[in-house]
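Heads up: the structure comes next, in structure tokens.
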Amino acid sequence: MPKDGDSLRTWKGSVLNYIMHGLESGPLLFVLIDPDKQGAKKAGEMAKIAQKSGAHAIMVGGSTGLTRNTVRNTVIAIKSECSLPVILFPRSAECLVGEADAVFFMSLLNSRNRNKIIGEQVKGAPLVKKLGIEPLPMGYIIVEPGMAVGEVGEAEVIKRENVEEAVAYALAAEYLGMKFVYLEAGSGAPEPVPPDMIKAVGDAVSIPVIVGGGITTPERAKGALDAGADIIVVGTAAEKNIDILRSMASMTSASVYK
Ligand code: 1GP
């Protein structure tokens with residue numbers, strides 16, 4: 001693990017470059033911190049442990065109950081304890097804060113609600129520019145069961161066996177110019193996205209595949225990584241037992257600073 005100064009030098013200016021560089025040496029682990037689940041101070045402590053455990057970035061977001069102030073306080077606390085890039089994972093334009101390094105500028109592609117596909121993005125884009133947050137364009141695809149984000153996002157969730165539909169959405173994301181595609185089973189999902197779906201999507205697209213939702217054990221992390229996930233996202237499991245991150249991180253790129 002580099003000293004703080006080294007890591008800052010490495011990624012300051014472009015979180016996209018940091019991620020792409022990291023992926024050259026292997027898959028990455030991102031830890032999702034939901035500002036609604038604990039106070040800012042605790043979030044900062046979690047981020048510090050996540051970095052020590054070998055995680056590669058911190059995502060900040062959640063499906064319900066967030067205000068700009070809660071997000072801001074959490075991001076500030078995380079940045080004071082940890083030098084990893086902090087990437088917003090916003091539910092809406094309301095969650096954009098200039099203290100973050102980047103934002104997954106995402107479209108919930110399989111939503112029934114136009115607002116989730118392009119509405120919030122139109123509201124948020126001028127703010128992203130004004131605040132100087134780096135946008136990371138991402139196609140967000142919700143897979144069964146979808147959990148809270150499936151409901152709030154009014155998603156037509158992709159059935160777990162409908163690999164073909166997942167591939168079609170992922171290809172559409174790539175062809176629309178998105179830099180990432182995210183297969184989301186939903187936070188707290190009883191089962192993560194099926195490995196055969198991850199594999200088929202990874203084989204079809206040339207952009208990095210992010211996989212999250214229900215990755216609660218090292219075995220499940222391994223399942224997603226073996227299937228070809230480029231980035232795994234862990235939220236709930238880290239909230240319950242932050243020590244689980246170390247074994248998950250050991251399966252990913254040892255260092256993005258090589
Ligand atoms: C949710 O994919 C993330 O958006 C993480 O899910 O909380 O189940 O780890 P978990």
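Numbering of ligands and ligand atoms starts at 1, following listing order. As the structure is a prediction and not an experimental result, all values here were calculated from the model.
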Min N/O separation G214 to ligand 1 under 3.5 Å:
yes
Tell me whether the rings of F89 and Y182 are parallel (<30°), tilted (30 to 60°) or perpendicular (>60°).
parallel
Around atom 4 (O) of ligand 1, find the nearest protein heavy atom and jot down its residue, atom name and distance.
E184 OE2, 2.4 Å
Is the side chain of H56 donor-acceptor paired with the backbone N or O of S253 at a distance under 3.5 Å, no angle test?
yes
Which atoms of ligand 1 are found less than 4.0 Å from any heavy atom of V234?
9 (O)
Flag for T67-T70: side-chain donor and acceptor within less than 3.5 Å
yes
At less than 4.0 angstrom from any non-hydrogen atom of G212, what atoms of ligand 1 do you find?
2 (O)
Quick one: look at Y182 and ligand 1, take heavy-atom pairs under 4.0 Å, and tell me if it's side chain, backbone, both or neither.
side chain
Are side-chain heavy atoms of E134 and S14 found at a separation under 4.5 Å?
yes
Could you list which atoms of ligand 1 come closer than 4.0 Å to a heavy atom of T236?
7 (O), 8 (O), 9 (O), 10 (P)
Tell me which one of L136, D101, V103 satisfies side-chain contact (heavy atoms from CB on, under 4.5 Å) with L88.
V103
Is it the case that ligand 1 has an N or O less than 3.5 angstrom from some N or O of G188?
yes
Taking N or O atoms only and a 3.5 Å limit, does G235 qualify as a polar contact for ligand 1?
yes
For the residue pair V97 and L131, establish whether any side-chain heavy-atom pair is separated by less than 4.5 Å.
no
Any N/O of G213 closer than 3.5 Å to an N/O of ligand 1?
yes
Examine distances only and state if a side-chain atom of S111 and a backbone atom of N113 form a donor-acceptor pair shorter than 3.5 Å.
yes
Identify, by atom number and element, the atoms of ligand 1 in contact range of F89, meaning under 4.0 Å from any of its heavy atoms.
4 (O)
